[in-house]
Number of protein chains: 2
Amino acid sequence: MAQEQKSSRTTIHDLARVAGVSVSTVSKALNDTGRMGEDTRARIKRIAEEIGFRPNALARGLLSRRSFTIGLLTNDTYGRFTLPLMAGVSEALVDKGVSVFLCAIEDDPERARVHVEAMLDKQVDGIIATGKRIDRALPVDLSNLPVPVVYAFTAGPPNSITYASDDAQGAELAVAYLLSLGRTRLVHITGPDMFIAAVERAEAFRKLAGEGAPVLYGQWTESSGREAVLDLWRQGGRPDGIFCGNDMIARGVIDGLRELGVSVPGDVSVVGFDNWEIVASQSRPPLTTVDMNLKELGRQAGLTVLALGEGQILEPGLRKLGCSLVVRGSCSHAPIDE
Amino acid sequence: MAQEQKSSRTTIHDLARVAGVSVSTVSKALNDTGRMGEDTRARIKRIAEEIGFRPNALARGLLSRRSFTIGLLTNDTYGRFTLPLMAGVSEALVDKGVSVFLCAIEDDPERARVHVEAMLDKQVDGIIATGKRIDRALPVDLSNLPVPVVYAFTAGPPNSITYASDDAQGAELAVAYLLSLGRTRLVHITGPDMFIAAVERAEAFRKLAGEGAPVLYGQWTESSGREAVLDLWRQGGRPDGIFCGNDMIARGVIDGLRELGVSVPGDVSVVGFDNWEIVASQSRPPLTTVDMNLKELGRQAGLTVLALGEGQILEPGLRKLGCSLVVRGSCSHAPIDE
DNA sequence: TTGAAAGCGTTACCAT
DNA sequence: ATGGTAACGCTTTCAA
């Protein structure tokens with residue numbers, strides 16, 4: 001049938017028997033601890049290799065009180081933010097033998113609790129909480145757990161360690177780029193002002209583009225971007241550079257500009273935010289956009305929970321990681337006037 | 001500092017001491033095994049609740065040889081297919097106390113091996129292999145593992161249990177819908193014919209739309225869809241219904257039609273495939289599309305590995321799950337001619 | 001009805 | 001240089 005080879009796993013006892021030594025000797029040989037003849041050690045290692053012995057992490061964890069396992073909790077259903085983050089966490093930790101439990105909770109406190117308890121039962125060495133916005137917390141209280149918790153891209157309680165991308169710096173990057181291209185009449189089209197990320201980006205935008213530069217709050221959707229740009233032109237606005245709060249909005253903006261017969265990047269340069277590959281690279285023209293380096297964020301969050309789990313004492317607080325600009329085709333130098 | 005409450009976990013010994021009984025009595029009370037006074041049982045349960053005792057799954061697993069843990073292996077970086085699937089797996093298994101290790105491998109056999117071995121060391125009860133296309137295998141051999149493996153949305157070896165969506169049925173659904181609207185001149189615009197999914201959908205399309213109905217293979221991208229439609233019109237094609245191989249293509253198609261001044265859904269009805277929410281709902285008009293029910297697929301795959309892990313013998317083979325049609329705004333009834 | 005003891009697979013310590 | 005033994009937290013006989 002379908003599951004023939006389910007050979008029972010070989011244990012350290014089997015290995016000891018085959019090698020003709022005691023279990024403790026095998027253990028020491030394999031872990032490079034204790035003192036023993038290099039020949040014996042090598043021989044045991046070779047035999048272990050041959051019979052395909054792999055130590056049972058459950059038994060190991062029982063003794064060491066470390067499971068080499070961490071939990072990643074998220075309420076970001078699409079995985080827009082979670083997957084890159086997860087990739088970073090995973091990449092940083094595989095080599096240390098750490099595996100990651102992924103738990104997707106859909107803003108359901110009950111399910112969230114169940115997931116968290118399941119992870120705790122499994123003795124995870126730590127938990128990374130993540131989500132889709134930095135100013136909202138997950139629907140579950142993680143503050144009195146017996147394991148360290150690190151927050152990444154979601155709000156943590158006071159005194160927690162939280163990782164986030166530097167929205168202001170990212171926005172500055174985008175605006176500075178537009179300015180460097182000679183674009184002077186800038187507009188910012190973004191999501192709802194209830195999002196702190198939107199506000200921070202907007203403030204950074206104003207700082208560089210001038211306090212009077214228009215900021216248009218709306219939704220994080222294409223249609224919102226498109227309508228904003230249509231309204232703008234209807235009202236006589238004629239920016240030559242548009243910085244968008246995310247890539248979806250940017251697509252809508254480009255869409256709207258096409259409808260208006262305005263050339264991108266000829267007449268107007270457009271910059272997005274998120275570098276959501278699938279959206280940014282498929283737009284026409286491909287989108288120049290800000291990348292939040294979520295993978296790096298994940299990597300650091302992963303390393304941090306692990307360090308906390310090993311007993312290191314780290315300063316609590318918010319840690320902002322820099323963004324970078326990914327240049328594609330939606331921006332060009334402003335035409336020389338005379 | 002940041003990790004104050006790391007109280008050492010309470011064990012069954014603590015609980016036994018508090019309750020004034022032996023560990024074995026506690027164990028039996030909590031597991032509803034053995035015989036004992038209902039009052040004692042209730043009292044122990046209550047105390048367990050009070051002091052927040054939760055059994056150590058590592059210890060439990062050591063004994064029972066079950067870790068209540070499974071691994072999900074994927075090479076789908078964007079998570080387009082993996083996340084819905086994962087949601088299904090997770091949803092079906094949380095209640096059974098099973099947690100899921102997610103391992104994203106990027107077509108790197110080396111990393112894949114490392115991940116698989118890490119999971120095996122952790123004594124996973126089974127592995128679900130998944131990916132981004134049904135006719136390619138993951139870059140790692142999973143066929144001689146000591147745990148059951150189920151394949152979902154990725155190719156498995158002969159005699160394995162594989163879950164996939166029913167591409168033909170999904171395509172039929174789409175085409176039948178177009179026909180039911182009175183659309184008669186149908187075209188299919190899809191991805192590369194190297195994808196078996198593309199071919200199967202195309203065949204199903206031809207079966208219903210007529211053997212002569214045009215099938216245009218291209219890429220799975222927006223630009224490919226747009227160009228196909230532009231070419232089509234340039235060459236004088238005037239379909240009134242377009243079935244697209246995926247939602248990205250459908251977006252491109254709609255985009256191209258707008259450029260041509262063709263109304264969707266007035267002049268042409270468009271159906272997509274995938275129901276990639278973020279793409280389908282944001283297109284103008286929102287996309288009517290085929291949903292592969294990946295969540296259900298995940299649920300079944302999850303239940304199946306678990307069953308195999310419990311020793312059940314199941315028939316190997318490919319199991320196709322039905323798709324459903326999600327109606328949005330991109331289709332309408334054909335105008336009455338006279 | 002309850003408890004003592006063995007054992008799951010591993011590591012650490014102390015003898016030999 | 002190597003091996004015996006205890007211990008990690010739990011479940012499961014088996015005895016009382």
Side-chain angles (χ1 to χ4, degrees), chain A residues 7-45 47-48 51-69 97 118 120-125 146-147, chain B residues 7-45 47-48 51-69 97 118 120-125 146-147:
Chain A
S7 64
S8 178
R9 279 129 138 144
T10 66
T11 73
I12 199 171
H13 292 102
D14 304 330
L15 176 47
R17 197 174 326 109
V18 174
V21 294
S22 73
V23 261
S24 36
T25 304
V26 172
S27 175
K28 281 181 291 192
L30 262 28
N31 294 302
D32 285 316
T33 57
R35 243 178 338 230
M36 71 194 320
E38 271 317 308
D39 45 343
T40 327
R41 202 183 287 277
R43 193 171 58 86
I44 294 179
K45 283 187 174 176
I47 300 182
I51 69 175
F53 167 74
R54 319 215 88 230
N56 182 326
L58 263 43
R60 223 200 261 247
L62 194 52
L63 213 46
S64 68
R65 290 150 164 298
R66 291 194 52 194
S67 64
F68 289 93
T69 279
L120 289 177
D121 289 353
K122 273 146 200 151
Q123 311 294 113
V124 289
D125 297 333
V147 297
Chain B
S7 64
S8 180
R9 278 127 137 143
T10 66
T11 73
I12 198 172
H13 296 280
D14 305 330
L15 176 47
R17 199 174 323 109
V18 174
V21 295
S22 73
V23 267
S24 36
T25 303
V26 171
S27 174
K28 282 181 290 193
L30 262 29
N31 294 303
D32 286 317
T33 58
R35 246 181 332 236
M36 70 194 322
E38 270 317 307
D39 46 341
T40 327
R41 202 184 287 278
R43 194 171 58 85
I44 295 179
K45 284 187 174 175
I47 301 181
I51 68 175
F53 168 74
R54 317 216 87 229
N56 182 326
L58 263 43
R60 222 199 260 247
L62 196 52
L63 214 45
S64 68
R65 287 148 165 298
R66 292 194 51 194
S67 64
F68 289 91
T69 279
L120 290 178
D121 289 353
K122 272 148 201 150
Q123 311 293 115
V124 290
D125 297 332
V147 298

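Here is the naming used below: chain letters follow the sequence lines, and residue numbers restart at 1 for every chain.
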Picking from D:dG9, D:dG3, C:dT11, the nucleotide nearest the side-chain atoms of B:Leu62 would be D:dG9
Among the nucleotides D:dT2, D:dC10, C:dA5, whichever has the atom closest to the side chain of B:Phe53 is D:dC10
Taken to the nearest whole Å, CZ/B:Arg66 to P/D:dC10 is 18 Å
Under 4.0 Å, heavy atoms only, any strand: does B:Arg35 hit a base, just the sugar-phosphate, or nothing? base
Among the nucleotides D:dT11, C:dT10, D:dG3, whichever has the atom closest to the side chain of B:Asn31 is D:dT11
Touch class at under 4.0 angstrom, heavy-atom based, for B:Thr33 against every strand present | nothing
Among the nucleotides D:dC10, C:dC8, C:dT10, whichever has the atom closest to the side chain of A:Ile12 is C:dT10
Query raised in the report: With respect to the phosphate group of D:dG9, does any side-chain polar atom (N or O) of B:Arg60 fall under 4.0 Å of OP1 or OP2?
Result: no
Next on the checklist: I'd like to know if A:Lys45 pairs up with A:Asp32 as an ion pair, taking the criterion as any Lys NZ or Arg NE/NH1/NH2 lying under 4.0 Å from an Asp or Glu carboxylate oxygen.
Outcome noted: yes
For B:Ser64, answer base if it contacts any base atom (sugar-phosphate contacts may also be present), sugar-phosphate if it contacts only those atoms, and nothing otherwise; contact means non-hydrogen atoms under 4.0 Å.
nothing
Quiz item: Does a side-chain N or O from B:Asn56 land closer than 4.0 Å to OP1 or OP2 of D:dC8, or not?
Solution: no
Rounded to whole Å, CG of A:Leu58 lies from C1' of C:dC8 at a distance of 10 Å
Check: B:Leu58 main-chain N/O paired with B:Asn56 side-chain donor or acceptor under 3.5 Å
yes
Rounded to whole Å, CD1 of B:Ile44 lies from P of D:dT11 at a distance of 13 Å
Ranking B:Gly34 and B:Leu63 by the position along DNA chain C of their nearest nucleotide, the one closer to 5' is B:Gly34
task: Side-chain contact test, heavy atoms from C-beta onward, threshold under 4.5 Å: evaluate it for A:Lys122 versus B:Phe68 and give yes or no.
output: yes
So does B:Ala19 get a backbone contact from the side chain of B:Arg43, meaning a donor-acceptor N/O pair under 3.5 Å? yes
B:Lys28 atom NZ is separated from D:dT13 atom P, nearest whole Å, by 11 Å
- Message: D:dT11, OP1 or OP2 - any side-chain N/O from B:Ser27 closer than 4.0 Å?
- Response: yes
A:Met36 CE to C:dT11 P, in whole Å, measures 13 Å
When A:Arg41 and B:Val23 are each assigned the nearest nucleotide of DNA chain D, the 5'-most assignment goes to A:Arg41
Review point. Could one point to a donor on the side chain of A:Ser22 or the base of D:dG4 with an acceptor on the other under 3.5 Å away?
Key: no
Using a cut-off of less than 4.0 Å, is there contact between a side-chain N or O of B:Arg65 and OP1 or OP2 of C:dG9? yes
TODO: Report which part of the nucleic acid A:Thr11 touches: base, sugar-phosphate, or nothing (heavy-atom distance under 4.0 Å, all strands).
DONE: sugar-phosphate
Are B:Ser24 and B:Ser27 close enough that a side-chain donor and a side-chain acceptor fall under 3.5 Å? no
